[in-house]
2 protein chains.
Amino acid sequence: MSAPKYVKPTESELEILRVIWDKGLASVRDVHEELSKTKDVGYTTTLKLMQIMNEKGLVKRDKSSRAHYYTAAVSREKTQKHLLGKMIDGLFGGSPGQLVLQALGNYKASETEIAEIQQLLDNLKK
Amino acid sequence: MSAPKYVKPTESELEILRVIWDKGLASVRDVHEELSKTKDVGYTTTLKLMQIMNEKGLVKRDKSSRAHYYTAAVSREKTQKHLLGKMIDGLFGGSPGQLVLQALGNYKASETEIAEIQQLLDNLKK
DNA sequence: ACTAATATACGAGTAGTTTCGTAAAGAGCG
DNA sequence: CGCTCTTTACGAAACTACTCGTATATTAGT
C-alpha cells in the first residue's frame with residue numbers, strides 16, 4: 001500500500017492546472033495557447049512541464065491519439081483546500097478566521113457571495 | 001526614486017519572518033532556537049538565510065552589538081494581503097468570496113471570530 | 001511516396017533556494 | 001596572554017524549477 005502523498009504544484013504547474021480544470025480535457029497545444037495569452041513561453045516548455053506533472057501524478061495522460069490529452073488528477077477543491085490550509089497555518093497562526101477577515105477586508109466580494117457566506121456562518125453557529 | 005518593488009519571501013524565509021514578527025526583535029540564535037523546535041536545521045543555515053533576507057530587504061539588521069539583531073522590514077499584514085491576493089487570483093478565479101467559503105467550510109473558526117466576520121459582513125453590505 | 005506541419009522525447013543549461021563546512025573575528029575568563 | 005565559546009562571513013554543493021534547442025516520430029495533403 002503506497003501512501004497517496006500530496007504533491008504540491010509549483011507556480012507554473014498551477015497555471016497549467018487551472019487551464020486543465022477549466023477545459024476538463026486539454027492537449028499541450030490547448031494549454032500552451034491559453035498560457036500564451038498572458039505570458040511568453042515556448043511550446044516545448046509547456047510540454048515539458050506537463051510531462052513532469054504527469055510523472056508527479058498531478059495530471060493523467062491519454063496517449064491513444066497522436067496529440068496526448070491530459071486531465072487533472074487532483075481536484076481543484078482539494079488543491080484549494082490544501083494550499084489554504086498551508087496558508088492558514090503558515091501565515092495566519094492557524095486561525096482561519098484571521099484569514100477570512102483579511103480577505104474580506106482587503107478584497108471586494110460580490111453581493112451574492114456575501115449572502116452565501118452569511119448563510120454558511122449561520123449554519124456554523126448552531 | 002527607486003521603486004519599492006515587492007519581494008516575495010520564499011517558504012523558508014516566511015518561517016523566519018514569522019519568528020521575527022512574533023518577537024519583534026531577534027538575533028540569529030533566537031530565530032534558530034525557535035525553528036529548531038519544529039525542524040532540524042543547522043545554525044549557519046539560518047544565519048545565511050537571514051543574511052540573504054537582509055540583502056533582499058525583507059529584514060533590517062542592527063550590527064551595533066556582536067550578535068546582530070534583526071527586525072522585519074515588511075509587515076505581517078502587507079505580506080498576508082499580498083499572498084492572499086495572489087491566491088485569490090491564482091486559485092480562486094479572482095473571487096475572494098470563493099476563497100472565504102472554502103476556508104470557512106473546511107477549517108473551523110472560533111465563535112468570536114465568526115461573530116467578527118458577521119459584523120464585518122454587515123458593514124460591507126450597506 | 002515525399003513533403004510540410006506538428007507532435008513527443010530528451011538532454012542540458014540557467015537561475016534560485018537551501019544546505020552546511022570551514023574560517024575568521026570578537027568577548028569573556030582563567 | 002591563551003583558551004574557549006559564540007558570532008558573522010564566505011564559498012560551494014545539492015536540489016528544484018524553469019527554460020528551450022534539437023532529435024525523432026507521426027499524420028495529412030498532394
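First the proteins, then the strands, lettered A, B, ... as listed; each starts at 1. Only this structure's heavy atoms are used, side chains among them; waters, hydrogens and symmetry mates stay out. Note that this is a predicted model, so its numbers are computed, not measured.
- Residue A:Thr46 is the one, among A:Thr46 and A:Ser65, whose nearest nucleotide of DNA chain D lies closer to the 5' end (criterion: closest heavy atom).
- Taking atom CD of residue A:Glu55 and atom C1' of nucleotide D:dA17, one finds them 14 Å apart after rounding to whole Å.
- Between B:Leu47 and A:Thr45, it is B:Leu47 whose nearest contact on DNA chain D lies nearer the 5' terminus.
- For A:Gln51, whose side chain is taken as the heavy atoms from C-beta onward, the closest listed nucleotide among D:dT19, D:dT6, C:dT8 is C:dT8.
- Checked against D:dC20, C:dT19, C:dA9, the side chain of B:Val41 finds its nearest nucleotide in C:dT19.
- Taking the charged nitrogens against the carboxylate oxygens, B:Arg61 and B:Glu55 have no contact shorter than 4.0 Å, which rules out a salt bridge.
- Ionic pairing of A:Lys56 and A:Glu13 is present here: one or more N-O contacts between side-chain nitrogen and carboxylate oxygen are shorter than 4.0 angstrom.
- Across D:dT8, C:dC10, C:dA9, the shortest atom-to-atom separation from the side chain of A:Lys48 is found for C:dC10.
- As a whole-Å value, the separation of B:Met50 CE from C:dT19 C1' is 17 Å.
- Nearest to the side chain of A:Val28, among D:dT8, C:dT8, C:dT6, sits C:dT8.
- Residue B:Leu58 contributes atom CG, which lies 14 Å from atom C1' of C:dG16 at whole-angstrom precision.
- Distances shorter than 4.0 Å separate none of the side-chain N or O atoms of A:Arg29 from OP1 or OP2 on C:dA5.
- The side chain of A:Arg66 has C:dA7 as its nearest neighbour among C:dA7, C:dC20, D:dT7.
- Taking the six-membered ring for Trp and thresholds of 30 and 60 degrees, B:His32 and B:Tyr43 have ring planes more than 60 degrees apart, a perpendicular arrangement.
- In terms of phosphate contacts, B:Tyr43 brings a side-chain nitrogen or oxygen within less than 4.0 Å of OP1 or OP2 of D:dT8.
- Atoms CD (A:Glu15) and P (D:dC18) sit 9 Å apart, rounded to a whole Å.
- Remark: side-chain polar atoms of B:Thr44 are not paired, donor with acceptor, to backbone N or O of B:Leu47 under 3.5 angstrom.
- Each of B:Glu11 and A:His68 was assigned the nucleotide of DNA chain C with the nearest heavy atom; the assignment lying further toward the 5' end belongs to A:His68.
- No hydrogens or angles considered: nothing links the side chains of B:Ser12 and B:Thr10 as a donor-acceptor pair under 3.5 Å.
- Proximity of A:Ser12 to the phosphate of D:dC18: a side-chain N or O atom is located under 4.0 Å from OP1 or OP2.
- In terms of phosphate contacts, B:Thr10 brings a side-chain nitrogen or oxygen within less than 4.0 Å of OP1 or OP2 of C:dT18.
- Here the P atom of nucleotide D:dC20 and the CG atom of A:Leu49 are 10 Å apart, to the nearest Å.
- If you measure from atom CG of B:Asp30 to atom C1' of D:dT7, you get 13 Å, rounded to the nearest angstrom.
- Taking atom NZ of residue B:Lys8 and atom P of nucleotide C:dT17, one finds them 10 Å apart after rounding to whole Å.
- Between B:Arg18 and B:Glu34, none of the side-chain N atoms (NZ, or NE/NH1/NH2) sits under 4.0 Å from a carboxylate O, so this pair counts as no salt bridge.
- The NZ-P distance, from A:Lys39 to D:dC18, rounds to 8 Å in whole Å.
- Minimum atom distance to the side chain of B:Thr44 is reached by C:dG21, of the listed D:dT7, C:dG21, D:dA17.
- Within the nucleic acid shown, A:Ile52 has no heavy atom closer than 4.0 Å to any nucleic acid atom.
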